[in-house]
Amino acid sequence: MTTNNKPNRLAKEKSPYLLQHQYNPVHWFPWSEEAFEKAKQENKPVFLSIGYSTCHWCHVMAHESFEDEALAAMLNKDFICIKVDREERPDIDHIYMAVCQAMTGQGGWPLTVFMTPEKKPFFAGTYFPRSRKYNRAGMVEIVAQIDVKWKEDAERIREVGEQVIQETTSRLLEHHSGGEVSEETLHEAFRLYEQQFDSTYGGFGSSPKFPTSHNLSFLLRYYKKTGNERALEIVEKTLDGMHRGGMYDHVGFGFSRYSVDEKWLVPHFEKMLYDNALLMMTYIEAYQVTGNARYAEVAEQIITYILRDMTDEGGAFYSAEDADSEGEEGKFYVWTPDEVEVVLGVDEGDLYAELFDITESGNFEGHNIPNLIHTTLESFAKRKQIPLEELKLRVEAARGKLFAHRELRVHPGKDDKILTAWNGLMIVALSKAARALDNSIYAEAAAKAADFILRELRREDGRLLARYRDGEAAFLGYVDDYAFLVWGLIELYQTTFELRFLREAIQLNAEMLCLFGDEEKGGLFFYGSDAEQLLTRPKEIYDGAMPSGNAVAALNMLRLSRLTYDAKLSQAADEQLQAFAGAVANYPPGHALMLAALDFAYGEASEIVIAGDPSQPKTKDMLRTVQQQYLPNALLILHPPGAAGEEVRKLIPLVQDKIELGGGATAYVCQNFACQAPTADVEELAQLLEAGNYQ
């Protein structure tokens, strides 16, 4: 295998994934009309390869196939080859992944598709080796066979492509069924989550196990709503299991993308921004519900990782870190007992190795992933007769030394592109953490990221863009970009009470409805009416690794309509829920965020107004009292005196009559459009929130 010293067309791209392939001997095109026009002119089929920069099997296929001169020559001779970064063009990825799932029953990356010059797919799969092995067809054989069939009967292949598109379009639209939903849907979701729960290690199902933290967040809501202890038990067992396993980086912090086994021991070592944002949210919420300081500590460690390793100098957040370094998956993260002893010395090395399961035989391909699956600090301290606080100090000192040593290793690659949607999720998480932990640094980090996105990822006409890298913002924003950023701005307002964030949220939400709304059937399309029109316009409703943009948008609209008294927005929110009611009712656990929106819409949402000067200690105490509570359906508003208060009243009508009484900060707690008597006492406010069923 060799690589070409002469760069191909991908050398002009900004995507780290595309740039990884710029020296392949394959004559790659980026997705462009130029590529498809060339295919039409030369009557050649198109080979489409979709992946992302931190994808392990994408790397494997690149080394095996795309760096191979002989295979590249076959592709270059008889095909037009296109490479796509799924994180830049999720619209393309969604459609052709649906094709792959329709044709093969499964999906994943790298995504391998052969299509006509008219973009109609007729063959799809995921990873293929260069040559047949493990009873799996090889690229050499596939390319040769498709070339022969195309030359023999291209029209027949075009007919197959047309049939595939019709089938895929039908599948993409089949879940867009209206219907009725009710609170019973929430109970059915809980029953199904409980059935799928792994009571031994936590999580749902068997291997591989994904965090899907939005499922846990729903269960926390359900516990708050019903008092069902089993829901909380499922959440705590899962959060504890994920953190104790090797999926958590016990040396440098942060979570990997998923675990390949049911114990959470062996991760797929890539670290994604969105996973860490979503998990941070859930650990914060669990801390608010339980008061368990360990959950707050995990969240703060994730933040340490993000601010240390994943933050651009402008304040926005990078996308991901690779699983591989020096060509080996996980090499950066694993240890041997000898390495630990060299760094820590014999006594501390033995202690750390015993605690974190680092043995001569190893727990991962002869090496060791530090984990606490079979013990806890508490039980280990008791067994070793070491005071718990002393053990914690020794473990933290050892961790610091191991981290410093690990920093000298060759680091995994970092995808430093900035994605609007993923940054929106991190803004949500940091805002929640700032409130719950009373940490202004986290709020400042969230605000700085929001300002970066609003400044650098918007065109002059205000249109939101999806990706920023190396000084260039590109690609029209998708519904996730709008929905997740609006979510972040709402949370940021409720953390900082800077009205500009709420104004931006309202404006972006209005733009989203115009660009993505389906006036005929309801819901939001994935890409805008002003974007490149692909084979179909899908609507994403199912929660995958990230929640669906449609679900987040529904919750955003419900909250914004409650804040602004906007009847049209309230109607749009109701229509959003109804558009997908059938899909949610058919399988509630696949729609955790839509269930959260349903809970907000049909539950007892609350509004809490603090009237007072934000610079005064009593006002701060009142705000802090509310912010540190777990109140998922509550909206918190600050009504300051003077001109600032006038601005708030213009935007949020419900504060009109809620003013300071007796010259001091006053709290108004309202539910179902009825308010309790106002209180100027911080302790009484806390008792009121605790005594009432405020959500």
Side-chain angles (χ1 to χ4, degrees), residues 284 288 427-428 430-444 446-447 450 488-506 559-565 604-695:
I284 285 293
Q288 290 177 307
I427 292 166
V428 173
L430 286 167
S431 298
K432 285 177 175 282
R435 295 200 299 266
L437 304 176
D438 191 23
N439 191 317
S440 62
I441 293 174
Y442 301 161
E444 290 166 8
L489 293 169
I490 294 171
E491 295 293 346
L492 193 49
Y493 164 72
Q494 294 203 109
T495 302
T496 66
F497 302 105
E498 291 188 43
L499 211 56
R500 65 190 181 94
F501 293 127
L502 187 56
R503 287 197 185 98
E504 294 282 10
I506 293 168
R559 297 171 82 189
L560 290 175
S561 66
R562 192 72 68 101
L563 283 168
T564 61
Y565 284 2
E604 298 182 341
S606 310
E607 297 90 24
I608 302 168
V609 178
I610 307 298
D613 184 342
S615 68
Q616 294 301 307
K618 186 177 174 183
T619 307
K620 292 180 179 179
D621 287 345
M622 282 191 160
L623 290 171
R624 190 179 301 115
T625 297
V626 179
Q627 289 179 324
Q628 293 180 0
Q629 298 264 353
Y630 178 66
L631 301 167
N633 287 345
L635 295 169
L636 176 61
I637 303 126
L638 173 67
H639 187 196
E646 179 61 29
E647 291 301 308
V648 174
R649 289 192 291 277
K650 289 178 182 176
L651 197 63
I652 309 175
L654 70 88
V655 306
Q656 292 289 348
D657 59 344
K658 297 173 177 61
I659 59 175
E660 292 179 279
L661 300 178
T666 305
Y668 297 80
V669 180
C670 308
Q671 190 174 59
N672 292 335
F673 308 103
C675 298
Q676 298 285 339
T679 179
D681 184 88
V682 177
E683 289 187 7
E684 186 178 344
L685 171 61
Q687 292 169 2
L688 186 63
L689 293 174
E690 187 173 342
N693 187 29
Y694 294 105
Q695 297 179 23

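For the single chain, residues carry numbers from 1 onward in sequence order.
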Spatial distance of atom [atom1] ([X]) from atom [atom2] ([Y]) [nearest 0.5 Å]:
X	Y	atom1	atom2	result
Leu430	Glu444	CG	CD	11.5 Å
Leu623	Gln628	CG	CD	11.0 Å
Arg562	Glu607	CZ	CD	5.0 Å
Thr496	Arg435	OG1	CZ	10.0 Å
Gln676	Ile608	CD	CD1	11.0 Å
Tyr565	Leu560	OH	CG	14.5 Å

Please collect all salt bridge (charged side-chain N to carboxylate O under 4.0 Å, His left out) contacts where either partner lies in residues 679-688, sequence neighbours excluded, each pair once.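 Salt bridge (charged side-chain N to carboxylate O under 4.0 Å, His left out) check on residues 679-688 returns no pairs.
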If you take all heavy atoms of [X] and [Y], which pair is closest and at what distance?
X	Y	answer
Gln671	Ser606	NE2-OG, 3.4 Å
Ser431	Ala446	OG-CB, 3.8 Å
Ala447	Leu492	CA-CD2, 3.7 Å
Leu499	Tyr493	CD1-CE1, 3.9 Å
Ala505	Ile490	CB-CG1, 4.1 Å

Side chain to side chain, Val626 and Leu689, heavy atoms closer than 4.5 Å: yes
Heavy-atom side-chain contact between Ile427 and Leu489 under 4.5 Å: no
State whether the side chain of Gln627 and the backbone N or O of Gln494 hold a donor-acceptor pair below 3.5 Å, judged by distance alone.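 Confirmed, Gln627 side chain pairs with Gln494 backbone.
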For Gln629, is there any backbone N or O sitting under 3.5 Å from a side-chain donor or acceptor partner on Gln288? yes
Would Glu498 and Glu504 count as a side chain to side chain contact (heavy atoms under 4.5 Å, CB included) if you check the C-alpha gap in whole Å, the side-chain angles of each, and the deciding distance to 0.1 Å? CA-CA 11 Å; Glu498 291 188 43; Glu504 294 282 10; over 6 Å; no
Would you sort out whether Leu638 and Val648 count as a side chain to side chain contact (heavy atoms under 4.5 Å, CB included), showing the intermediate values? CA-CA 8 Å; Leu638 173 67; Val648 174; over 6 Å; no
Just one of Leu437, Thr495, Ile284 clears the side-chain contact (heavy atoms from CB on, under 4.5 Å) bar with Tyr442, so which one?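 Single side-chain contact (heavy atoms from CB on, under 4.5 Å) partner of Tyr442 among Leu437, Thr495, Ile284: Leu437.
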In Ile637, Asp621, Leu685, Thr666, the residue satisfying side-chain contact (heavy atoms from CB on, under 4.5 Å) with Ile610 is Leu685
Would you be so kind as to tabulate the donor-acceptor pairs closer than 3.5 Å made by side chains of residues 650-665, with sequence neighbours excluded?
{"residue": "Lys650", "atom": "NZ", "partner": "Glu647", "partner atom": "OE2", "Å": "3.4"}
{"residue": "Gln656", "atom": "NE2", "partner": "Arg649", "partner atom": "O", "Å": "3.2"}
{"residue": "Lys658", "atom": "NZ", "partner": "Leu654", "partner atom": "O", "Å": "3.0"}

Between Glu604 and Asn633, is the side chain to side chain contact (heavy atoms under 4.5 Å, CB included) condition met? List the steps. CA-CA 8 Å; Glu604 298 182 341; Asn633 287 345; over 6 Å; no
